[in-house]
Amino acid sequence: MIDILIIGSGGAGLTTALEAKKSCDSVVVLSKTTPTASQTCQAQGGINAVINNSEDSQQNHIDDTIKSAHNLGDKETIEYMCKNSEQTIKWLDDIGVPFSRDKNNNIAQRKLGGASFPRACYSSDYTGLKILHTLYDTCLKNDIKFINEHMLLNFIVENGEAKGITCIDIETSEIKQILAKKVIVASGGYGGIYNSYNTNSTATTGDAISSALRVGCRLSNMEYIQFHPTSMKDSCILISESARGEGGYLVTKDEERFVDELQPRDIVARAIYTKIEAGDEVFLDLRHLGKQKIMESMPQEYDLALQFMNKKLDEDLIPITPAAHYTMGGIKTDIDGKTNIKNLYAVGECSSNGVHGANRLGGNSLLEIITFGKLVASDAIKNIDDCQVEEKEYDIFLKDKKSIENIFECENKINFYDRKVELGELFYQDVGLFREEKKLNIALERVAEISNEIKLMGISDKSRIYNTNLKEFIEFKNMIELSQAIVISALNRKESRGAHYRVEFQDEDEKFARDTVVKKIDDRIVLEGI
C-alpha cells in the first residue's frame, strides 16, 4: 500500500516527495508528463528571500506580499512563507541548486516587480529549471518512485475520505486505480484555458482542480488569473521578469516609456494592453544593457528571441503582449494544505491557501512551492499508519473504465479542437485583463452551450497507443468545467481588486475583501454563502 501519493512532478510535488520520504518508505509521484517538463521551469526570474541585504527585512517582504495581494491574502500563510524564506534558500543551496553569485560569492539577487528591495535569488534566467532538475536528481538519489505519463481522471473518495485515484495510462489507454493512505495534489494551475494566449505548457489544464471539484472540494478565488506583462507577440512565449528586473524598458513604437516597469504585474499588464487596444505597439527595450550583461543575466531570453522572432535583445526592440501566466485560485486549503476532504491535500499553484491573494508578487511562486511542499508533507505523514484503505475495485474506477470506452465509441459530430480555440479567444477577450458584466454573461452562456455540446464530441483517433487525441479531449472537458467556475466567480466579484478588473466597478469594495468560494452541488457549480 502506498503511504503518500503525489499528483504532479513540478517543484511542489518533488519537494513534498523529498520531505515525505524522510518518514515514509512508500512515496510515489504520478505525472501526466515527465518530471523535468513541468511548469516550474517557466519560473525564470527568481525566488524571493531576504538573505544578503542588510537594508531589507522579512517584514518588508511580508508587507510587499500583502500589498500585492490587495488585502485578500491570508496573513498567517504569508508570514510563514516570508519568515522561512532564508531557510528555504539554504536548503536549495545545500542540495545543489546552482544559484548565480555576486563578486563576494554570495547568492546574487535582483529586484522584481512590486518588490521594495532586490531579493530574488536567481540562476541567470533558468531559475525554475535549475531548481526543478536539482529536486529531481535528489528524488532519484532517495529512491522515490515515479509513475510518468499517467493522467489523473478522478479521486477515489468514500465516506468523505480520499482513498486514491483513478488514472489513464497515456501509453496504453488503460484505466487504473491507484490506492494510497493520503493523496497530495501538486498538479499546477489552469492557465491552459486561455488557449494560444498563455505562457504555460500545454499540460497546464487544471485536471486535478476539476477532479477535486467533482468530489466536493471547495475552490477559491478562481476569477484570479495573473497576466504576465511580457510575452513575445504572436507566440506568447514568456520573456522573464528578469528582463525588467535587470533594467529593461517598456516603450511604444516612438520609443517612449509609458509605465513604471517594476510596478506589480497587474498594473503593468493593463497599461500595455490599453496601449495595444488603442492601436499602438509595445516593445521591450534591452539594447542599453549591452550584450555582455544580457548574456550573463538572461541568456535564455536572448536565445528565445533569436529563435522565435529572429531578433537580438542587444540590437532590436522586442514586440510584446500580455498573456495569461499564473492562476491564483484553486483548491481551497488551510496553511497545512488540508482540503475539506479527509486525507486529500493540495499544494502549489493548484491550491489556494491565501499566500497570493488577488495578485501574486513576482518571485513568490517558487518560494511558495518549496516552503509549503515541506509543510504539507510534514502534516500528511502524521498518523499515516492509522489510515485504512480497503483494497477493492471502487465504483468510480468502474465508472471511469466505462466512460473512456464510451469516448472511443462516440460519434465525433463536433470537433472539440475548434471549441478549444474558441474558448481561448473568448476568455482572452471577455474574461481577461478588463472585464464587464455584459461580456462575462455572454462568456458564461457560451461556455454552458459548449458544455451541452460535449455529448456530441468524440475523438477521431481510435488507437490505444499514445492517443493524444483522447488525452486532449479529457483535458478539454476539465477546462470547460473550470471555465464555468471562473466566470461565475468573476461575475460575483463586483469590484476591481488586483488581477480582477471590472470596468463598471473600478475601485476596491470592502465587502469583497474575502475569498470567492465555489463548490459543486447536484452537477451545478454554485457560490458558497450566496
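Here the structure is a predicted model, which means the values were calculated and not measured.
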**Request:** Might you work through the side chain to side chain donor-acceptor pair (under 3.5 Å) test for N478 and S211, ending with a clear yes or no?
**Result:** CA-CA 8 Å; N478 289 328; S211 301; 5.0 Å; no

**Residue pair E55 / N60, side-chain heavy-atom distance below 4.5 Å** = no

**Item:** Side-chain donor-acceptor pair present, S201, T204, cut-off under 3.5 Å
**Value:** yes

**Asked** In terms of side-chain heavy atoms, does T516 have a donor or acceptor partner in S489 at a distance below 3.5 Å?
**Response** no

**Asked** Does K163 pair with E161 as a salt bridge, N-O distance under 4.0 Å?
**Response** yes

**Request:** Compute the centroid of each ring, for F146 and then for Y136, and state whether the two points are separated by less than 6.0 Å.
**Result:** yes

**Asked** Given side chains that start at C-beta, do those of E391 and L179 come closer than 4.5 Å, heavy atoms only?
**Response** yes

**From D266 atom CG to F227 atom CZ, the distance as rounded to the nearest 0.5 Å** = 11.5 Å

**Message:** Could you walk me through whether Y197 and F427 satisfy the ring pair (Phe, Tyr, Trp, His ring centres under 6.0 Å) test, starting with their C-alpha distance in whole Å, then the side-chain angles of each, then the deciding distance to 0.1 Å, before giving a yes or no?
**Reply:** CA-CA 9 Å; Y197 297 93; F427 264 59; over 10 Å; no

**Request:** Determine, stepwise, if the pair T199 / H228 fulfils side chain to side chain donor-acceptor pair (under 3.5 Å).
**Result:** CA-CA 8 Å; T199 66; H228 200 287; over 6 Å; no

**Message:** Tell me the closest heavy-atom pair linking I335 and L375, and the distance in Å.
**Reply:** O-CD2, 3.3 Å

**Item:** CD1-CG distance between I131 and L14, expressed to the nearest 0.5 angstrom
**Value:** 11.5 Å

**Pair K293 + E296: basic N to acidic O under 4.0 Å** = no

**Separation of L367 CG from S85 OG (nearest 0.5 Å)** = 6.0 Å

**Item:** N353 side chain to S351 side chain, donor-acceptor N/O pair below 3.5 angstrom
**Value:** no

**Message:** So, applying side-chain hydrogen bond (donor to acceptor under 3.5 Å, both in side chains) with N359, which one of Q226, R265, H70, H500 is it?
**Reply:** Q226

**Item:** Any side-chain heavy-atom pair of I4 and I384 under 4.5 Å
**Value:** yes

**Asked** So do K291 and I294 actually touch side chain to side chain, heavy atoms under 4.5 Å?
**Response** no

**Prompt:** Less than 4.5 Å apart, any side-chain heavy atom of V183 and any of I341?
**Reply:** no

**Item:** Stepwise side-chain contact (heavy atoms from CB on, under 4.5 Å) check, N154 with R214
**Value:** CA-CA 8 Å; N154 283 294; R214 291 194 291 271; 3.0 Å; yes

**Fill in**
side-chain hydrogen bond (donor to acceptor under 3.5 Å, both in side chains) test vs Y326 passes for just one of E349, R360, H356, namely H356

**Message:** Using a strict threshold of under 4.0 Å (side-chain N to carboxylate O), is an ion pair present between E475 and K471?
**Reply:** yes

**Prompt:** Is D3 paired with K182 through a side-chain N to carboxylate O contact shorter than 4.0 Å?
**Reply:** no

**Item:** I239 side chain reached by M232 side chain, heavy atoms, under 4.5 Å
**Value:** yes

**Request:** Output the distance between atom CG (N343) and atom CG (N383), rounded to the nearest 0.5 Å.
**Result:** 9.5 Å

**Prompt:** Does a salt bridge link D64 with K67, judged by any charged N lying under 4.0 Å from a carboxylate O?
**Reply:** no

**Prompt:** More than 12 heavy atoms of other residues, nucleotides or ligands under 6.0 Å from CG of N310: is that the case?
**Reply:** no

**Request:** Evaluate salt bridge (charged side-chain N to carboxylate O under 4.0 Å, His left out) for D94 paired with K90, printing each intermediate quantity in order.
**Result:** CA-CA 6 Å; D94 287 344; K90 185 180 185 305; 3.0 Å; yes

**Prompt:** Taking NZ, NE, NH1 and NH2 as the nitrogens, is one of them in K32 or E149 under 4.0 Å from a carboxylate oxygen of the other?
**Reply:** no

**Complete:** Per side-chain hydrogen bond (donor to acceptor under 3.5 Å, both in side chains), T371 is matched among T88, N364, N84, T77 by T88

**Request:** Kindly compute the distance separating OG (S124) from CE (M298), expressed to the nearest 0.5 Å.
**Result:** 10.0 Å

**Message:** Quick one: does any side-chain atom of Y345 pair with a main-chain N or O of T333 as donor and acceptor, under 3.5 Å?
**Reply:** no

**Request:** Give the C-alpha distance, both sets of side-chain angles, the deciding distance and a yes or no for side-chain contact (heavy atoms from CB on, under 4.5 Å) between N198 and C236.
**Result:** CA-CA 6 Å; N198 72 84; C236 285; over 6 Å; no

**Item:** Side-chain ion pair, D314 and K312, N-O less than 4.0 Å
**Value:** no

**R101 and D93 ion-paired at < 4.0 Å** = yes

**Request:** With rounding to the nearest 0.5 Å, note down the distance linking OG in S187 to CE in M151.
**Result:** 10.5 Å

**Item:** Short side-chain donor-acceptor distance under 3.5 Å, S210 and E481
**Value:** yes

**Message:** So which atom in N148 and which in T33 form the shortest heavy-atom distance, rounded to 0.1 Å?
**Reply:** CB-O, 3.6 Å

